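Numbers for residues simply follow the sequence, beginning at 1. Just so you know, these numbers come straight off a predicted model, no measurement behind them.
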Amino acid sequence: QYGVRWNSEHKSWAIPIISPTAELKGWQEKKTGWVRNYPMGVVKSATLFGIERFRVNTIVLVESPLDVIRFASVYSSPQAVASFGAHVSDIQLELLTTVAERVIIAMDNDEAGMKANQSIYKRIWTPRRGLKWWNYKGMDVKDIGDMTDEQIEQGLTTATVVPPWMS
């Protein structure tokens, strides 16, 4: 559905990098401890993985494209998109608030994710129907990819307007 493929030669995921207008810009190969972008210099900060498929009111921002796919295995609405890592550009934040009425921030439950949350908090515009933060309380997981279906449901349904470092 998202165009992700397995590269058996490199034993890595091949993840398409697609513009908001559905133009293929390149791809990212990813495996544990290793990431490469093709072509060299492809700009990921001008798009979000899955943004060209966004068709609902609420968007969930995650770091990894693989977490988008995991989220989609549980929910078709809301939809998740990924920033291709913990750094979220101003262009990516603008995309989020332009296409969605409600945004839920679900960066990873680690130090880099917490720093990303704080940076996003300072820079994001509040969408018309609000901004919420994923709830990792009581979960010993790094991200949505590590969660059970029940934990994904819990994180989504208990998302809060209070950022995680303030609760």
Exercise. Taking only residues two or more places apart in sequence or in another chain, which ones pass side-chain hydrogen bond (donor to acceptor under 3.5 Å, both in side chains) with Ser45?
Worked result: none

Problem set entry | N/O donor-acceptor pair under 3.5 Å between Ser76 side chain and Ala72 backbone | no

Problem set entry | Pairs flagged by salt bridge (Lys or Arg N to Asp or Glu O under 4.0 Å) wherever residues 49-70 is involved - sequence neighbours left out | Arg70-Asp149

Seminar exercise, completed: residues 148-167 vs ring pair (Phe, Tyr, Trp, His ring centres under 6.0 Å), sequence neighbours excluded, gives Tyr121-Trp165, Trp133-Trp165

Seminar exercise, completed: Residues passing the side-chain hydrogen bond (donor to acceptor under 3.5 Å, both in side chains) test with Glu9, sequence neighbours excluded, are none

For this session: Spell out, as yes or no, whether a donor-acceptor pair under 3.5 Å connects the side chain of Ser19 to the backbone of Glu23.
Result: yes

Problem set entry | Step-by-step side chain to side chain contact (heavy atoms under 4.5 Å, CB included) determination, Val62 to Val68 | CA-CA 7 Å; Val62 299; Val68 170; 3.6 Å; yes

For this session: Mind running side chain to side chain contact (heavy atoms under 4.5 Å, CB included) on Phe54 and Ile59 for me, showing each step along the way?
Result: CA-CA 8 Å; Phe54 184 73; Ile59 201 165; 3.6 Å; yes

Problem set entry | Listed partners of Phe84 passing ring pair (Phe, Tyr, Trp, His ring centres under 6.0 Å), at least two apart | none

For this session: Please round to the nearest 0.5 Å and tell me the distance separating atom CD1 of Ile124 and atom OG1 of Thr97.
Result: 6.0 Å

For this session: Determine yes or no for a side-chain-to-main-chain donor-acceptor pair under 3.5 angstrom, with Gln92 supplying the side chain and Ser89 the backbone.
Result: yes

Exercise. Should Leu93 and Val81 be regarded as members of a common hydrophobic cluster, given that ILVMFWY residues are connected when their side-chain heavy atoms come within less than 4.5 Å of each other, either directly or indirectly?
Worked result: yes

For this session: Output all residues satisfying side-chain hydrogen bond (donor to acceptor under 3.5 Å, both in side chains) with Thr98, sequence neighbours left out; order by chain, then residue number.
Result: none

Problem set entry | Which atom of Ala100 lies closest to which atom of Pro127, heavy atoms considered | O-CB, 3.9 Å

For this session: Output every pair passing salt bridge (Lys or Arg N to Asp or Glu O under 4.0 Å) with a member in residues 27-48, not counting sequence neighbours, ordered by first then second residue.
Result: none

Exercise. Quick one: does Tyr2's side chain get under 4.5 Å of Pro65's, heavy atoms only?
Worked result: no

For this session: Search all heavy atoms of Ala14 against all heavy atoms of Trp27 and return the closest pair with its distance.
Result: CB-CD1, 4.3 Å

Exercise. Under the 3.5 angstrom rule, does the side chain of Ser8 hit a backbone N or O of Lys11 as a donor-acceptor pair?
Worked result: no

For this session: For Arg123, check side-chain hydrogen bond (donor to acceptor under 3.5 Å, both in side chains) against everything at least two apart and list the hits.
Result: Asp90, Ser119

For this session: Not counting sequence neighbours, list each pair that qualifies as a salt bridge (Lys or Arg N to Asp or Glu O under 4.0 Å) and has a residue in residues 130-147.
Result: Asp108-Lys142

Problem set entry | Audit row: Trp13, Leu66, side chain to side chain contact (heavy atoms under 4.5 Å, CB included) steps and yes/no | CA-CA 9 Å; Trp13 292 107; Leu66 300 178; 3.7 Å; yes

Problem set entry | Phe49 reachable from Val74 in the ILVMFWY side-chain graph, under 4.5 Å edges | yes

For this session: Return the minimal non-hydrogen interatomic distance between Pro16 and Gly3, and the atom names on each side.
Result: CD-O, 3.5 Å

For this session: Would you indicate whether the side-chain heavy atoms of Trp134 and Asn109 approach each other to under 4.5 Å?
Result: no

Exercise. Is it true that Met166 and Leu131 fall in one hydrophobic cluster, defined by side-chain heavy atoms closer than 4.5 Å?
Worked result: yes

Exercise. Can Met114 be reached from Val103 by stepping across I, L, V, M, F, W or Y side chains whose heavy atoms are under 4.5 Å apart?
Worked result: yes

Problem set entry | Pairwise salt bridge (Lys or Arg N to Asp or Glu O under 4.0 Å) hits with a residue in residues 92-103, at least two apart | Glu101-Arg128, Glu101-Arg129

Problem set entry | Closest heavy-atom pair and its distance - Phe71, Pro78 | CE2-O, 3.2 Å

For this session: Answer yes if Val99 and Ile18 sit in the same cluster of Ile, Leu, Val, Met, Phe, Trp and Tyr residues linked by side chain heavy atoms under 4.5 Å apart, and no otherwise.
Result: no

Exercise. Side chain to side chain contact (heavy atoms under 4.5 Å, CB included) between Met107 and Val88: does it pass, once the steps are laid out?
Worked result: CA-CA 10 Å; Met107 303 307 281; Val88 182; 3.7 Å; yes

Counting only pairs under 3.5 Å, give me each side-chain donor-acceptor contact of residues 152-160, with atom names and distances, residues two or more places apart or in other chains.
unit_1 : atom_1 : unit_2 : atom_2 : d
Thr157 : OG1    : Glu153 : O      : 2.8
Thr158 : OG1    : Asn135 : ND2    : 3.0
Thr158 : OG1    : Gln154 : O      : 2.6
Thr160 : OG1    : Val162 : N      : 3.1

Seminar exercise, completed: Heavy-atom closest pair (Tyr136 atom, Ile144 atom, distance to 0.1 Å) is OH-N, 4.3 Å

Exercise. If only atom types and distance count, is the side chain of Asn37 paired as donor or acceptor with the main-chain N or O of Met40 below 3.5 Å?
Worked result: no

Problem set entry | Any side-chain heavy-atom pair of Ser77 and Thr58 under 4.5 Å | no

Problem set entry | From Leu61 atom CG to Ser83 atom OG, the distance as rounded to the nearest 0.5 Å | 5.0 Å

For this session: Please name all residues satisfying side chain to side chain contact (heavy atoms under 4.5 Å, CB included) with Pro20, sequence neighbours left out, ordered by chain then number.
Result: Thr47, Ile51, Leu95

For this session: State, to 0.1 Å, how close Ile91 and Ala46 come at their nearest heavy-atom pair, and which atoms those are.
Result: CG2-CA, 3.8 Å

